[in-house]
Amino acid sequence: MTAIVELHDIWKAYDEIQALRGLDLEVHRGEIFGLVGPNGAGKTTALKIIVGLLKMDKGYVKVNGYDITEEPYEYKKHVGYVPETVALPDYLTLEEFLIYSGKIRGVSNDDIKRRIDFYLRVFDLEGKRKTLLLLLSRGMKQKVAMASALIHDPELLILDEPLVGIDPAGQHRVKELFNERIKENKTVFISTHMLDTAERMCGRVAIIHKGRNVASGDLKHLQSLSKTGENATLEEVFLKLTEEAEETFTDAVLSGSSKKASSGFFGLFRGKK
Ligand code: ATP
């Protein structure tokens, strides 16, 4: 199992707010991996660092074999990204935008045409091909952003809350699409609040809390770490582990052990699986 994304000891602060505190993470090639965590845990910050939208204060990130600090352009050829809130050029039609996305990614005209036809069919957007992006609904825009992120057939697709705003039929198609991609050994890396979705969709997840990796692995591994039993849902496991992490973090802060608080909730990074 090779890693396509490796984060090692990532720190990031926004002025007074310490968003990431030594985050470690490993995403394997060919899996659907989920990043889950409470509001403010640092999920979006981590994704933005990986795609190059934010600079980390400290740490090391490798994507598809590239050190992203040393080779900031090369690795992006292999990445597609859909942010939590998509912003599209309203003055283009759906088709114009996808052609434009394909061209700036260096995709051949034939492949652009083939992929546009494919994604419009998958996302049920054929009827909107010539429509201005301005006139699409929020869910439709989300689907267009996904098609745009996939136009160059990237090794790694990163999505921040990919299913929010998409209707159930659309969600089903997105999940099918992700499953098709991992069959081709491509990787899908999502951040989500929807634990039931993460449980059904992702082979492995990382639970992050206050900027650190509390635990990562498949559900079985997390059930065993949290001692919640083999029937526990990801939600039950999540609640137990984040609660423990919160208590340990608070204890460490109250006892004045700022080092412990910032560098390890009871050694909470419990290893990868
Ligand atoms: P959510 O699940 O609510 O989307 P998240 O896990 O994605 O949260 P982040 O958005 O990464 O969390 O935020 C981590 C912390 O950093 C939070 O305390 C947040 O308030 C803070 N933060 C994020 N962006 C900024 C910013 N641009 N300026 C200042 N603080 C920020």
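Whatever order the structure lists them in is the order used to number ligands and atoms, beginning at 1. From a predicted model like this one, the values you see are computed outputs, not experimental measurements.
Counting heavy atoms from C-beta on, the side chains of Val144 and Leu88 come closer than 4.5 Å. In this structure, the side chains of Thr192 and Leu163 stay at 4.5 Å or more apart for every pair of heavy atoms. Between Ile207 and Lys240, the closest side-chain pair of non-hydrogen atoms is not below 4.5 Å.
The residues lining ligand 1, counting any heavy atom closer than 4.0 Å, are Tyr14, Ile17, Ala19, Pro38, Asn39, Gly40, Ala41, Gly42, Lys43, Thr44, Thr45, Glu84, His193.
Between Glu180 and Lys183, at least one side-chain N (NZ, or NE/NH1/NH2) sits under 4.0 Å from a carboxylate O, which counts as a salt bridge.
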Going by atom type alone, with no hydrogens or angles, which donor-acceptor pairs under 3.5 Å involve a side-chain atom of residues 56-63 and a protein atom two or more places apart or on another chain?
| from | atom 1 | to | atom 2 | distance (Å) |
| --- | --- | --- | --- | --- |
| Asp57 | OD2 | Ala13 | N | 2.7 |
| Lys58 | NZ | Asp9 | OD2 | 2.7 |

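Phe189 and Phe33 have perpendicular rings, their planes meeting at more than 60° on a 0 to 90° scale where under 30° would count as parallel.
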